[in-house]
Amino acid sequence: MFHKIFATSVVTVGLMMTVSISAAQANPKAMTWKVFGKPLVLNSKTYVLFGSDIGQPGGTDPYQGDTNINNYRSLLCIKKTNDPAPAGLPPSIISPGDATNNSWSGGTVLVIPNIQGKQLTSQAVADNICNQVGQIVRGTSGYRMAEFHDGTGINAGWSFWAEAYGDINGLARCTRYWVNINDQPAATPW
């Protein structure tokens with residue numbers, strides 16, 4: 001695992017007590033993703049490519065987070081169905097670092113708009129929000145917060161395709177989505 005603290009702020013509380021606060025705690029951020037391109041319709045089903053736009057102004061930071069958790073963003077949820085990749089989906093790309101990008105997630109997504117990052121106090125809380133809304137909106141359980149590595153292939157990460165329903169709320173190219181990353185704790189909202 002990779003942990004990095006860039007700076008530490010020192011806050012004096014009362015007369016005799018000093019508390020150290022990491023830079024991450026002083027300016028808490030979490031990772032967000034965006035939609036790339038337009039949704040792709042294949043055999044009457046809609047597929048969307050979600051991913052990281054690292055290196056772009058205001059883009060994804062998978063190591064320290066890119067968006068203050070006091071902000072409201074859409075929560076990206078996924079239910080893994082293990083369906084095979086649909087015929088006609090663009091092929092995955094292997095990056096120079098050997099990561100599998102733009103791969104099939106094997107799942108369907110659900111977007112929950114207007115979630116304040118600090119509401120996501122743990123993986124369990126985020127997953128429960130996704131699961132409850134999935135039961136209400138789609139009539140099925142098994143949704144959880146989408147994760148950086150939800151694609152398929154060796155070293156999957158950075159982006160994935162998923163099936164999305166036509167009535168998906170909050171789906172827009174300009175919207176940013178809260179996404180978990182399981183091996184970079186400094187980039188999660190909890």
Side-chain angles (χ1 to χ4, degrees), residues 21-41 45-81 102 105-151 157-190:
I21 300 174
S22 72
Q25 291 169 318
N27 188 21
K29 293 182 177 182
M31 184 183 72
T32 60
W33 274 11
K34 64 176 273 184
V35 169
F36 289 102
K38 294 182 179 180
L40 181 62
V41 178
K45 293 184 177 182
T46 303
Y47 300 93
V48 179
L49 178 62
F50 292 91
S52 161
D53 57 347
I54 191 168
Q56 300 298 316
T60 302
D61 182 343
Y63 304 107
Q64 297 297 317
D66 52 79
T67 303
N68 189 294
I69 63 171
N70 290 313
N71 292 334
Y72 289 82
R73 299 289 182 263
S74 293
L75 174 60
L76 184 61
C77 306
I78 191 166
K79 178 180 179 177
K80 293 288 208 160
T81 59
N102 302 355
S105 67
T108 62
V109 291
L110 171 71
V111 171
I112 305 171
N114 301 318
I115 298 292
Q116 190 175 27
K118 68 181 183 181
Q119 290 177 271
L120 307 172
T121 57
S122 70
Q123 176 76 56
V125 167
D127 290 347
N128 190 48
I129 291 169
C130 289
N131 193 46
Q132 286 183 356
V133 172
Q135 289 174 4
I136 293 166
V137 174
R138 301 270 167 77
T140 185
S141 61
Y143 282 94
R144 61 166 172 77
M145 186 177 185
E147 201 273 329
F148 182 92
H149 304 96
D150 269 333
W158 302 100
S159 58
F160 62 73
W161 284 95
E163 182 182 352
Y165 294 94
D167 64 346
I168 191 166
N169 289 327
L171 182 62
R173 292 180 65 194
C174 61
T175 300
R176 298 208 63 87
Y177 303 88
W178 299 116
V179 175
N180 183 26
I181 183 164
N182 65 17
D183 58 357
Q184 299 295 332
T188 64
W190 45 84

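Atom set for the values below is all heavy atoms of this structure, side chains included, hydrogens, waters and symmetry mates excluded.
Here the CD1 atom belonging to Ile115 is positioned 8.5 Å from the OG atom belonging to Ser74, to the nearest 0.5 angstrom. For the atom pair Gln123 CD and Glu147 CD, the distance stands at 8.0 Å (nearest 0.5 Å). Between atom CD1 of residue Ile54 and atom CG of residue Asp61 there is a gap of 6.5 Å, rounded to the nearest 0.5 Å. For the atom pair OG1 (Thr140) and CG (Asn131), the distance works out to 8.5 Å, reported to the nearest 0.5 Å. Interatomic distance, CG of Asp127 versus CG of Leu75, reported as 9.0 Å (0.5 Å rounding). Between the NZ atom of Lys34 and the CG atom of Leu49 there is a distance of 10.0 Å, given to the nearest 0.5 Å.
Looking at heavy atoms from C-beta onward, Asn102 lies in side-chain contact with Trp161 at the 4.5 angstrom threshold. For the pair His149 and Ile181, the minimum side-chain heavy-atom distance is below 4.5 Å. Counting only heavy atoms from C-beta outward, the side chains of Lys118 and Asn70 approach each other to under 4.5 Å. Between Val48 and Val109, every side-chain heavy-atom pair lies at or beyond the 4.5 Å cut-off. Proximity of Arg144 to Asp150: side-chain heavy atoms (C-beta onward) are separated by under 4.5 Å at one or more points. Side-chain atoms of Trp158 and Phe148, non-hydrogen and from C-beta on, do get closer than 4.5 Å to each other. The shortest side-chain heavy-atom distance between Ile78 and Ser105 falls under the 4.5 Å cut-off. At a threshold of 4.5 Å between non-hydrogen side-chain atoms, the residues Thr108 and Lys45 do not count as touching.
Nearest approach of Leu120 to Met145, heavy atoms of both residues: CD1-CE, 4.2 Å. Heavy atoms only, all atoms of each residue included: Gly59 and Asp53 are closest at CA-OD1, 3.2 Å. The two residues Tyr143 and Cys130 come nearest to each other via the heavy atoms CB-O, 3.5 Å. In terms of heavy atoms, Val111 sits closest to Tyr177 at CG1-CE2, 3.7 Å. Taking all atoms of both residues into account, the shortest heavy-atom contact from Trp178 to Gln116 is NE1-C, 4.3 Å. Pairing each heavy atom of Pro189 with each of Ala30, the nearest pair is N-CB, 3.5 Å.
No hydrogens or angles considered: nothing links the side chains of Asp66 and Thr60 as a donor-acceptor pair under 3.5 Å.
Although no hydrogens or angles enter the test, the distance criterion places no donor-acceptor pair under 3.5 Å between the side chain of Lys79 and the main chain of Leu110. Although no hydrogens or angles enter the test, the distance criterion places no donor-acceptor pair under 3.5 Å between the side chain of Asn180 and the main chain of Ala146. Under the 3.5 Å distance criterion, the side-chain polar atoms of Thr81 are matched with a main-chain donor or acceptor of Gly106.
Between Trp33 and Phe160, the ring planes are tilted. Angles from 30° to 60° get that label.
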